[in-house]
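Take a look at the structure below.
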Amino acid sequence: MMRSVFLRNAKNYLMTGMMLAATLAVLIPLGLIFFHIMKMGMSSVNLDFFTQIPKPTGETGGGMANGMLGSLLMIGMASLIGLPVGIFGAIYLAEFGGSKVSTAIRFSADVLSGTPSIITGMVAYTLLVVPMKGFSALAGSVALAMIMIPIVLRTTEEQLKLVPGSLREASLALGVPMWRTTLRVTLRSALSGVMTGVLLAIARVAGETAPLLFTALGNQFWGKDLTQPMAALPLQIFSFAIAPYEDWHRLAWAGALVLVVVMFGLSLTARYFGRTRTGE
Amino acid sequence: MPDTQTTAPPEKADKRINGDLVFKFVTTVFAFSILIILALMLAEMTSESLPAIRKFGHKFLTSSDWDAVQGNFGALPYLYGSVISSVLALLLATPLSIGAAIFITEICPKKVGAWIAPLVELLAAIPSVIYGLWGVLVMAPWLQSTVQPFLIEHFGFLPFFQGAPYGVSMLAAVFILMIMVVPIITSISREVLLTVPSSQKEAAIALGATHWETIKMAILPYGKSGILGAAILGLGRAVGETMAVTMVIGNSPQISLSLMSPAYTMPSVIANEFAEATSKLHTAALMEIGLILLLVTLVINALARLLIWSVTRSAGGGAA
């Protein structure tokens with residue numbers, strides 16, 4: 001280290017400044033997006049938005065009530081499929097799995113959660129839409145479930161592994177069978193952490209659009225039949241944002257605000273659960 | 001959840017054994033569902049794209065003739081658009097993300113970092129359709145009125161900045177992808193940097209290193225492969241990103257050096273044409289694009305995960 005202290009200090013400040021600039025460059029566009037959603041969304045959202053379905057082209061007003069209902073139904077269906085599979089799969093990894101098989105499944109889950117969500121839509125299309133001869137909310141739910149499973153599996157497993165072995169052993173020593181021990185002792189002690197993963201998975205699929213494009217397809221009206229095309233909030237935001245009507249753009253902003261508020265709500269709740277877990 | 005699962009009281013010993021067997025069987029099947037889904041994806045996508053693979057062979061990758069009426073399908077413009085948009089986005093996003101990750105973990109006060117880190121993670125969770133909405137209604141008009149005329153006027157001698165300012169363009173796709181992958185790379189790099197043992201830093205500081213020298217000599221070399229993994233994971237996201245890109249790239253299947261002109265990507269053409277594809281061959285061609293996309297992202301993600309695991313696992317850290 002023969003260079004002068006002055007030069008080294010100068011370089012230190014320069015690099016620190018550049019990293020500060022990088023952080024600002026990261027935060028500013030994101031702040032702008034947030035600002036616009038708030039500004040445009042707040043001025044567009046009203047009671048009609050939550051109670052009406054979209055008006056035909058050219059008429060003002062209307063809302064996205066059918067999209068919100070459709071999203072709720074499909075997320076509910078996807079959770080019914082995805083949560084048990086993810087949670088029970090995680091139990092296998094944490095409680096039974098041999099190390100090699102578990103590592104392979106863990107790795108596949110991580111890789112699977114990185115595949116483009118539009119691919120799950122295409123797979124659900126070939127598996128359900130083609131045989132059933134029509135777009136359906138059911139196919140959309142299956143596509144969403146395929147996205148949920150790896151997320152729930154990984155987060156649940158991490159939480160189960162945090163439960164001390166002595167708890168399991170105490171229960172088993174009392175003569176409680178393994179399955180009952182796992183469900184009533186291990187899973188229950190990890191419950192708040194598991195809830196975090198579940199909420200994060202729900203938040204993730206709540207905003208998914210691509211997997212629904214050719215499964216649920218979307219619907220201009222109240223569609224409540226799971227075997228028929230169904231509206232979804234993200235799908236409506238997409239089609240309204242690219243339409244050339246000012247009034248539809250307003251609805252899209254309102255939809256974006258609702259979606260962001262729901263997702264942030266879910267994330268904050270998830271963080272709350274996560275915090276109580278570590279605070280124990 | 002546990003209460004609904006335990007309705008049958010395990011009274012007899014033989015029933016207990018059955019209960020455990022059934023339980024183990026069910027959990028095994030569900031765990032293996034991951035592998036089944038992965039295999040199913042590959043099998044379905046391959047078998048559905050067979051008609052296009054048989055008809056066009058390797059020409060599918062080198063031809064840019066995409067004509068649903070004539071039944072000619074070449075995917076080159078989509079491959080080109082995907083590669084250029086995601087690589088450029090990654091080149092812009094990676095230095096910013098690493099800088100931000102270092103700033104959050106090493107430089108700024110702990111309390112500030114504790115606020116920025118969850119914020120960045122929250123932003124990584126914003127749905128892509130919302131980025132697309134902002135991109136098409138706010139960013140693209142701004143590019144059209146301000147940035148593109150500036151670039152065309154002052155850098156128009158370069159082939160990358162020639163043409164008319166459309167707003168929706170390759171440039172818009174690069175920017176929106178950059179904004180979207182930055183939170184992902186930042187939050188994973190941050191997790192990687194957190195696993196650097198403090199003894200590494202303390203050793204450098206004890207030798208009299210400045211803050212930057214500590215980062216350069218002790219922290220970055222330790223987290224190198226993990227950060228590389230984070231960047232590759234960002235690349236995977238960018239390649240597979242569908243909605244936001246579809247909304248801002250202009251959806252025009254042309255190969256142009258100019259970032260000002262509209263382009264098209266692999267996920268975008270699937271999103272736009274798949275539901276309306278009429279002929280079997282058209283569907284198969286889109287399936288083949290999906291298959292290429294799937295294979296590329298599988299390789300990218302596998303590589304990224306291996307790199308990230310190599311750092312976080314050995315340090316005993318959590319999953320990244």
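Every chain is numbered from 1, with letters handed out A, B, ... down the list of sequences.
- Only the side chain of A:Y125 comes within less than 4.5 Å of a heavy atom in chain B; its backbone stays farther off.
- Heavy atoms of B:P183 lying under 4.5 Å from chain A belong exclusively to its side chain.
- A perpendicular orientation is assigned to the rings of B:F23 and A:F88, their planes being inclined by more than 60° (bins at 30° and 60°).
- Residue contact with chain B, scored on non-hydrogen atoms closer than 4.5 Å, is absent for A:M18.
- Two residues are said to be in side-chain contact when any heavy atoms from C-beta on lie closer than 4.5 Å; B:L123 and A:V26 fail this criterion.
- The shortest side-chain heavy-atom distance between A:L32 and B:W134 falls under the 4.5 Å cut-off.
- For A:A203, no part lies under 4.5 angstrom from a heavy atom of chain B.
- Heavy atoms closer than 4.5 Å to chain B are found nowhere in A:L14, neither backbone nor side chain.
- Looking at heavy atoms from C-beta onward, A:M19 lies in side-chain contact with B:I215 at the 4.5 angstrom threshold.
- You'll find the side chain of A:F96 stays beyond 4.5 Å of the side chain of B:T28, heavy atoms only.
- Proximity to chain A (any heavy atom under 4.5 Å) is shown, for B:T27, by both the backbone and the side chain.
- Taking 4.5 Å as the limit, some side-chain heavy atom of A:L27 sits within range of a side-chain heavy atom of B:I116.
- For the set B:A93, B:P118, B:G135, B:A101, the count of heavy-atom pairs under 4.5 angstrom toward chain A peaks at B:P118.
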**Q.** ring pair (Phe, Tyr, Trp, His ring centres under 6.0 Å) between B:W309 and A:F107, worked out
**A.** CA-CA 10 Å; B:W309 277 22; A:F107 186 70; 5.7 Å; yes
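- The part of A:I37 that comes within reach of chain B is its side chain, from C-beta onward, which places non-hydrogen atoms under 4.5 angstrom from that chain.
- Using a 3.5 Å distance cut-off with no hydrogens or angles, the side chains of A:T126 and B:E44 do pair a donor with an acceptor.
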